[in-house]
K.L.:
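Questions regarding the structure given below will be posed in turn.
Letters go in sequence order (proteins before strands), and every chain restarts at 1.
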Amino acid sequence: MEGKPSSSGAPGAKLPRAFYARDTRDVARELIGKLLVHVEGGVRRVARIVETEAYHGPDDRASHARFGPTRRAAIMFGPPGVAYVYLIYGTSHCMNVVTGAEGFPSAVLLRAAEPVEGCLHSTRGPGNLCRALGIRRQHDNGRDLTGDDLFVEDAPPPGPILSGRRVNVDYAGPWSEKPWRYALAGSPWVSGPRVAGRTKPRRR
DNA sequence: CCAAGGATTGGC
DNA sequence: CCAATCCTTGGA
């Protein structure tokens, strides 16, 4: 799970599994600007991703995988290119894309997007984004993102990308300080606190 | 089995 | 600031 170009090909093309089968943080950064598509009952709902967070590896104390492959988190240990959707606080659904090599628990939380087509609600915030696109745990958890119902389309490169601490993971101690939140600079659709700084050109 | 708490949101 | 609301997890 290394290297690989930033975009897989032509805008409008569905991202292939190989896109997801790389380092979580690279996938999180490169998902910015791409189009999340949910098709249900012939209705197409689309939003442009503007904010993500990486949850990376078995030692990441902020990750749902921190307790190992439990019933909920097992999907993070599975093959990449699959949706991980869970219910938080009994009120909001959150969608991730599973990344990295099978057996290495990692995923990218989709935190916010810009509405493009058919959105039912605000797409600002992870719970709102799912609600806007009709994505929910019982319906979409475990869904293969190379299928025709829920996937991400390639798109032209976005503007500058910022990175900073992840949101609401203070319980994770030092891991809460990892700069694994990514956002499109200047987008009014980015949720939560302001993102700290610009991403460094090539280092991590 | 039970208690605790959460990768959030919206209202006061 | 705080409660909603239910699923997940760890511990007794």
K.L.:
Give me each pair satisfying side-chain hydrogen bond (donor to acceptor under 3.5 Å, both in side chains) with a member in residues 183-194 of chain A, each pair once, sequence neighbours excluded.
P.N.:
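For residues 183-194 of chain A, and leaving out neighbouring residues, the side-chain hydrogen bond (donor to acceptor under 3.5 Å, both in side chains) pairs sorted by first residue read E51(A)-S191(A), R111(A)-S191(A).
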K.L.:
If the test is side-chain contact (heavy atoms from CB on, under 4.5 Å), which one of V169(A), N168(A), D170(A) qualifies with R166(A)?
P.N.:
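Of V169(A), N168(A), D170(A), side-chain contact (heavy atoms from CB on, under 4.5 Å) with R166(A) is met by V169(A) alone.
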K.L.:
How far does the C1' atom of dC2(C) sit from the matching atom of dG5(B), given to the nearest Å?
P.N.:
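Taking atom C1' in both dC2(C) and dG5(B), they lie 15 Å apart.
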K.L.:
Considering only heavy atoms, which members of residues 76-93 of chain A lie under 4.0 Å from some atom of DNA chain C?
P.N.:
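The stretch gives L87(A), Y89(A), G90(A), T91(A) as the residues lying under 4.0 Å from the strand, ordered by number.
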K.L.:
Can any side-chain N or O of Y171(A) pair as donor or acceptor with the backbone N or O of A62(A) at less than 3.5 Å?
P.N.:
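Indeed, once roles are kept as given, a pair shorter than 3.5 Å links the two residues.
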K.L.:
Do L36(A) and F19(A) share a hydrophobic cluster (ILVMFWY, side-chain heavy atoms under 4.5 Å, transitive)?
P.N.:
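Yes; F19(A) is reachable from L36(A) via cluster members.
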K.L.:
Dump the intermediate steps for ring-ring contact (aromatic ring centres under 6.0 Å, His included) on H56(A) and F104(A), then the final yes or no.
P.N.:
CA-CA 8 Å; H56(A) 185 260; F104(A) 184 82; 5.0 Å; yes
K.L.:
I'd like to check L145(A) versus Y20(A) (side-chain heavy atoms, cut-off strictly below 4.5 Å). Are they in contact?
P.N.:
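Yes, their side chains come closer than 4.5 Å.
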K.L.:
Quick one: do E117(A) and R44(A) make a salt bridge, cutoff under 4.0 Å?
P.N.:
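Salt bridge present between E117(A) and R44(A).
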K.L.:
Does this structure show an ion pair linking K14(A) with D154(A), if we count only N-O contacts that are shorter than 4.0 Å?
P.N.:
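Salt bridge between K14(A) and D154(A), a charged N being under 4.0 Å from a carboxylate O: no.
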K.L.:
If you look only at distance, which donor and acceptor atoms sit under 3.5 Å apart when one is on a side chain in residues 64-76 of chain A and the other is two or more places apart or in another chain?
P.N.:
unit_1 : atom_1 : unit_2 : atom_2 : d
H64(A) : ND1    : Y84(A) : OH     : 2.6
R66(A) : NH1    : S63(A) : O      : 2.9
T70(A) : OG1    : A73(A) : N      : 3.4

K.L.:
So that I can compare with my own list, what are the stems of DNA chain B, taken as at least three consecutive Watson-Crick or G-U pairs with distances under 3.5 Å?
P.N.:
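Only these stems qualify: B:1-6 with C:6-11, B:8-11 with C:1-4.
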K.L.:
Anything under 4.0 Å to a heavy atom of chain A counts; send over the first and last such nucleotide of DNA chain B, read 5' to 3'.
P.N.:
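Contacts span dG6(B) to dG10(B), reading 5' to 3'.
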K.L.:
Which residues, if any, of residues 108-127 of chain A bring a heavy atom under 4.0 Å of DNA chain B?
P.N.:
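Heavy-atom cutoff 4.0 Å gives L109(A), R111(A), H121(A), G125(A), P126(A), G127(A).
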K.L.:
Output yes when D26(A) and R29(A) qualify as a salt bridge under the 4.0 Å nitrogen-oxygen rule, no when they do not.
P.N.:
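No, this pair does not count.
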K.L.:
Over all strands shown, is N96(A) touching base, sugar-phosphate only, or nothing at heavy-atom distances under 4.0 angstrom?
P.N.:
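Since a base atom lies under 4.0 Å of N96(A), the category is base.
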K.L.:
Find the distance R72(A):CZ to dC6(C):P and express it as a whole number of Å.
P.N.:
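Distance check: R72(A) CZ to dC6(C) P gives 16 Å.
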K.L.:
Which is more 5' along DNA chain B, the nucleotide nearest V167(A) or the one nearest R131(A)? Just name the residue.
P.N.:
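The answer here is V167(A).
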K.L.:
Can you check the distance between dC2(B) and dT5(C), where both ends of the measurement are the P atom (answer in whole Å)?
P.N.:
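Their P atoms lie roughly 22 Å apart.
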